[in-house]
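Have a look at the structure below, then the notes.
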There are 2 protein chains.
Amino acid sequence: MGDTSRFAAATEDDTRAAIMRATYDALTSHGYANLTIQRIGDEFEKSKSLLYHHYDGKDDLLVDFLRFMLEHWEAKAECREEQDPRARLEALLDRVAGVELDEETAAFTAAMEELRGQAPHDAAYREQFTEHDRALRERFAEIIAAGIDEGSFHNVDPARAAEFLLTTVNGVRIQRVTRDDAGGVAATRAELDEYLDARLYRGDA
Amino acid sequence: MGDTSRFAAATEDDTRAAIMRATYDALTSHGYANLTIQRIGDEFEKSKSLLYHHYDGKDDLLVDFLRFMLEHWEAKAECREEQDPRARLEALLDRVAGVELDEETAAFTAAMEELRGQAPHDAAYREQFTEHDRALRERFAEIIAAGIDEGSFHNVDPARAAEFLLTTVNGVRIQRVTRDDAGGVAATRAELDEYLDARLYRGDA
DNA sequence: CATCGTTGAATGAATGTTCAGTCAGCCAGC
DNA sequence: GCTGGCTGACTGAACATTCATTCAACGATG
């Protein structure tokens, strides 16, 4: 494990990261339907041919890219566990379906939803998004269960409520990037808060 | 308005309908990413070249196809206005995001969501889905307003509640076709009913 | 010298599109 | 009522372009 291998490994990881970055840029620029090896190569600092040195082909690359995107997303959705369940739930909702998004996050969401649009006809994609949704649902369910344990939440079925929240979040995300009137997000969030007040939060109007 | 023009028009409409059908078949068979003029032609009884006689090109055809799909969807979501608001709301929810879907409707939904996945990078698509969502939101809002008028619904903001329902519906639809575990729909619907009981319906537990 | 990341050029297949031409039915003029 | 031109749906074979993929060669590094 001399400098050699470590450097080589680092280089390879760097290259792979650069490929992911180039793929992301090409996707956001041209859309999935027009995402070609040529375009990825154009966004890539190195040559197009090098892509084939690191991946078997386009499919292989895109499968890895989807994994890369989902990992980034889940890292982004991480949040500190120091607060009480109610604050954690609000924070998580803001994080994954907030009303106001910076431009970078908006572009990222658009890319993710475009990938999701391939899932109906691609079992590999569908599998990944199934797992991805499962992870977020678990996150919601744990917070809800903690709130119930603590006594600050009503005794609802955590799994059921979590699935409902997940569906709403996914609805917000797909609508945000496929509609021109983004204003609806605030209304949805306001009504979601009403739901939380009525169904989940204890000792509140 | 002799037989001539009427016959000619009917023929043209028939041909166009056949093209839409062929496009739909090709889309459900191969997915949007692999939807080519060749494949559409293969599903078409007439020749591939004829597509260019009726449309300027692939883009033109697909824009018309999206309109065709949305019109079909909205026709499908039509329902009788004879019942009371609560029954109408439940019926509409069942229609557009029911727990159990026949195979044809499921395939249709998958096709629609695949089209929606193109919207982030296609302004024409985005515009259409914006309008499409607006129509369904109006539908919800009218029913809610009727319920409030009638006194059977609480005095909520119809527009806000409608947007929330729409978001949930869109969440259900995208999840249904992009996940392997379709079971979540029932949970979402159950929790949505809880929301309706708590926030909307009057005189019910 | 050997290795490995890297490249530009090249290849064959597939894509969207064009086009010259066929065919059936209609209408005007005889 | 017949004929001949005319229109428009329709076709098959081509077209140029773009695609994913391959490969022989290069240069730096060890």
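Here the structure is a predicted model, which is why all the values come from computation and not from measurement. Each chain gets a letter, A, B and so on, in the order the sequences are listed, and its residues count up from 1.
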Would you confirm whether Arg179(B), through its side chain, and Phe129(A), through its main-chain N or O, come within 3.5 Å as a donor-acceptor pair?
->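 Here the side-chain-to-backbone pair does not exist.
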
Donor-acceptor pair, Glu114(A) side chain versus Tyr32(A) backbone, under 3.5 Å?
->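 Checked: pair present.
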
Under 3.5 Å, which protein N or O atoms sit close to an N or O of nucleotides 12-14 of chain D? Give each pair with its distance.
unit_1	atom_1	unit_2	atom_2	d
dG12(D)	N7	Ser49(B)	OG	3.0
dG12(D)	O6	Ser49(B)	OG	2.4

Can you check whether Arg173(B) reaches Ile174(A) side chain to side chain, under 4.5 Å on heavy atoms?
-> no

When you check the gap from the basic side-chain N to the acidic O, do [X] and [Y] get nearer than 4.0 Å?
X	Y	value
Arg160(B)	Glu163(B)	no
Asp64(B)	Arg16(B)	yes
Glu90(B)	Arg189(B)	yes
Arg116(A)	Asp133(A)	yes
Arg88(A)	Glu150(A)	no

To the nearest Å, give me how far apart [atom1] ([X]) and [atom2] ([N]) are.
X	N	atom1	atom2	result
Leu61(B)	dT15(C)	CG	P	16 Å
Tyr52(B)	dT15(C)	OH	P	11 Å
Leu51(A)	dT22(D)	CG	C1'	14 Å
Lys46(A)	dG8(C)	NZ	C1'	16 Å
Tyr55(B)	dG16(C)	OH	P	16 Å
Leu35(B)	dT15(C)	CG	P	11 Å
His30(A)	dT18(D)	NE2	P	13 Å

Side-chain N,O (His53(A)) to OP1/OP2 (dG5(C)) below 4.0 Å | yes

Can you find a side chain N or O atom of Thr15(B) that sits less than 4.0 Å from OP1 or OP2 on dC10(D)?
->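 Yes, because at least one side-chain N or O of Thr15(B) sits under 4.0 Å from OP1 or OP2 of dC10(D).
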
Which residue pairs pass the ring pair (Phe, Tyr, Trp, His ring centres under 6.0 Å) test when at least one of the two sits in residues 153-184 of chain B, sequence neighbours left out?
->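 Matches after skipping sequence neighbours: Phe153(B)-Tyr201(B), Phe164(B)-Tyr195(B).
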
Among the nucleotides dA20(D), dT6(C), dT17(C), whichever has the atom closest to the side chain of His54(A) is dT6(C)

With a 4.0 Å heavy-atom cut-off, tell me which residues in residues 37-45 of chain A come close to DNA chain D, sorted by residue number.
->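 Per residue number, the list reads Ile37(A), Gln38(A), Arg39(A).
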
